Amino acid sequence: MDPVAEYAELILRAGLAGTSTSHGGDNNVRKIKLLLEGDESTTFGMEALLGEVGFDEAYRAVERTLGYGPDHEETPGRGCIDPARTAAGLLEAGGRIREVAAEGGRVVIGTGHPGALLLYYLGVARWVEDLGGRLVRTEPRIRGAEVPLDWAGAVAILGNGASMKHTHDPAPMRSVLGEAGTVDLVVADHGFAGAAVAAGIPAVAIMDTNDPAWAVVSARGRT
């Protein structure tokens with residue numbers, strides 16, 4: 001069986017793609033407009049890579065990534081993601097992670113979505129180590145820091161030692177990269193991935209449908 005088709009079926013059954021996903025068209029288009037305004041919660045620290053982006057470029061980039069226009073809805077208030085494109089992207093990402101890890105590469109993992117994605121990233125971390133990769137950690141900064149940084153295992157998060165928080169801020173990953181030395185690959189989302197891409201470090205980035213910056217930088221060949 002074609003692996004893309006096989007994984008697409010699994011992704012569809014898991015509700016990760018399809019025609020009733022979490023962010024609807026209004027939300028997606030509003031985030032594109034915020035991107036054009038240079039809203040920092042939407043650019044993820046990649047402002048220098050998003051210069052002169054216009055609505056049409058951003059719309060088409062998101063459409064290319066999702067397989068649907070960002071405002072396409074079949075269920076009111078719910079968006080659409082092509083499971084085959086998602087499967088193809090996951091297979092490509094897995095190949096990049098495998099290549100770096102199998103060569104003993106240094107990998108940083110981080111998430112601004114610790115509530116939804118932490119278990120996923122912990123699984124990726126175990127896989128990286130099983131393949132021979134080296135997971136990079138730095139010291140947490142959870143007290144007195146303007147932007148607190150904590151770790152859940154080998155996964156960088158925004159946290160205060162007691163609670164984990166959702167964030168779009170690239171500052172925690174900038175802190176990690178400033179201390180980590182050579183990094184061969186970052187696997188992350190939101191600002192944790194944005195800080196890496198802005199620094200020219202190869203990254204596998206997970207994108208929400210309402211994160212148009214990722215679609216744009218991907219279309220421009222920067223991830």
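None of the values given here were measured: they were computed from a predicted structure.
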Are the side chain of [X] and the backbone N or O of [Y] linked by a donor-acceptor pair below 3.5 Å?
{"X": "S163", "Y": "G159", "result": "no"}
{"X": "R134", "Y": "G104", "result": "yes"}
{"X": "R106", "Y": "A180", "result": "yes"}
{"X": "T42", "Y": "G38", "result": "no"}
{"X": "D189", "Y": "G112", "result": "yes"}
{"X": "D150", "Y": "G161", "result": "yes"}
{"X": "R85", "Y": "R64", "result": "yes"}
{"X": "W151", "Y": "I157", "result": "no"}
{"X": "D211", "Y": "A213", "result": "no"}
{"X": "E63", "Y": "Y68", "result": "no"}

Contact between [X] and [Y] at the side-chain level, heavy atoms closer than 4.5 Å - yes or no?
{"X": "C80", "Y": "T19", "answer": "yes"}
{"X": "E57", "Y": "V216", "answer": "yes"}
{"X": "P114", "Y": "K165", "answer": "no"}
{"X": "V197", "Y": "L49", "answer": "yes"}
{"X": "L158", "Y": "L149", "answer": "no"}
{"X": "H168", "Y": "E40", "answer": "no"}

### Query
Going by the angle between their ring planes, with limits at 30° and 60°, are H190 and H166 parallel, tilted or perpendicular?
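Plane angle over 60°, so perpendicular.
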Report whether [X] and [Y] are members of the same hydrophobic cluster (ILVMFWY, side-chain heavy atoms less than 4.5 Å apart, transitive linking).
{"X": "I11", "Y": "V4", "value": "no"}
{"X": "F192", "Y": "V186", "value": "yes"}
{"X": "V155", "Y": "W127", "value": "yes"}
{"X": "L118", "Y": "V124", "value": "yes"}
{"X": "Y7", "Y": "L16", "value": "no"}

Which value, rounded to the nearest 0.5 Å, describes the distance between [X] atom [atom1] and [Y] atom [atom2]?
{"X": "T138", "Y": "M173", "atom1": "OG1", "atom2": "CE", "value": "9.0 Å"}
{"X": "L50", "Y": "L36", "atom1": "CG", "atom2": "CG", "value": "10.0 Å"}
{"X": "L135", "Y": "I109", "atom1": "CG", "atom2": "CD1", "value": "5.0 Å"}
{"X": "L35", "Y": "W214", "atom1": "CG", "atom2": "CH2", "value": "12.0 Å"}
{"X": "T111", "Y": "L122", "atom1": "OG1", "atom2": "CG", "value": "10.0 Å"}
{"X": "K33", "Y": "R30", "atom1": "NZ", "atom2": "CZ", "value": "10.5 Å"}

Tell me the closest heavy-atom pair linking [X] and [Y], and the distance in Å.
{"X": "I81", "Y": "A17", "answer": "O-CB, 3.5 Å"}
{"X": "E73", "Y": "G25", "answer": "OE2-N, 2.7 Å"}
{"X": "A203", "Y": "A196", "answer": "CB-CB, 4.5 Å"}
{"X": "A198", "Y": "G45", "answer": "CB-O, 3.4 Å"}
{"X": "A193", "Y": "A205", "answer": "CB-CB, 3.9 Å"}

salt_bridge([X], [Y]) N-O dist < 4.0 Å:
{"X": "R13", "Y": "E9", "answer": "yes"}
{"X": "E179", "Y": "R141", "answer": "yes"}
{"X": "R126", "Y": "E129", "answer": "no"}

### Message
Does either side chain, that of D39 or that of S41, offer a donor lying less than 3.5 Å from an acceptor on the other one?
### Response
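Side-chain D/A pair, D39 to S41: present.
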### Task
Report the C-alpha distance between V107 and D184 in whole Å, list the side-chain angles of each, state the deciding distance to 0.1 Å, and finish with yes or no for side-chain contact (heavy atoms from CB on, under 4.5 Å).
CA-CA 6 Å; V107 180; D184 299 301; 5.8 Å; no
### Task
For the pair I97 and V204, evaluate side-chain contact (heavy atoms from CB on, under 4.5 Å) and give the outcome as yes or no after the intermediate values.
CA-CA 8 Å; I97 295 168; V204 169; 4.2 Å; yes
### Query
So which of N210, D208, D71, T209 actually passes side-chain hydrogen bond (donor to acceptor under 3.5 Å, both in side chains) with N28?
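Of the listed residues N210, D208, D71, T209, the side-chain hydrogen bond (donor to acceptor under 3.5 Å, both in side chains) partner of N28 is T209.
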### Query
After noting the C-alpha distance and the side-chain angles of V62 and Y59, does the key distance pass the side-chain contact (heavy atoms from CB on, under 4.5 Å) rule?
CA-CA 5 Å; V62 175; Y59 185 99; over 6 Å; no
Evaluate whether atom [atom1] of [X] has more than 12 neighbouring non-hydrogen atoms of other residues, nucleotides or ligands under 6.0 angstrom away.
{"X": "E74", "atom1": "CD", "value": "yes"}
{"X": "R98", "atom1": "CZ", "value": "no"}
{"X": "L91", "atom1": "CG", "value": "yes"}

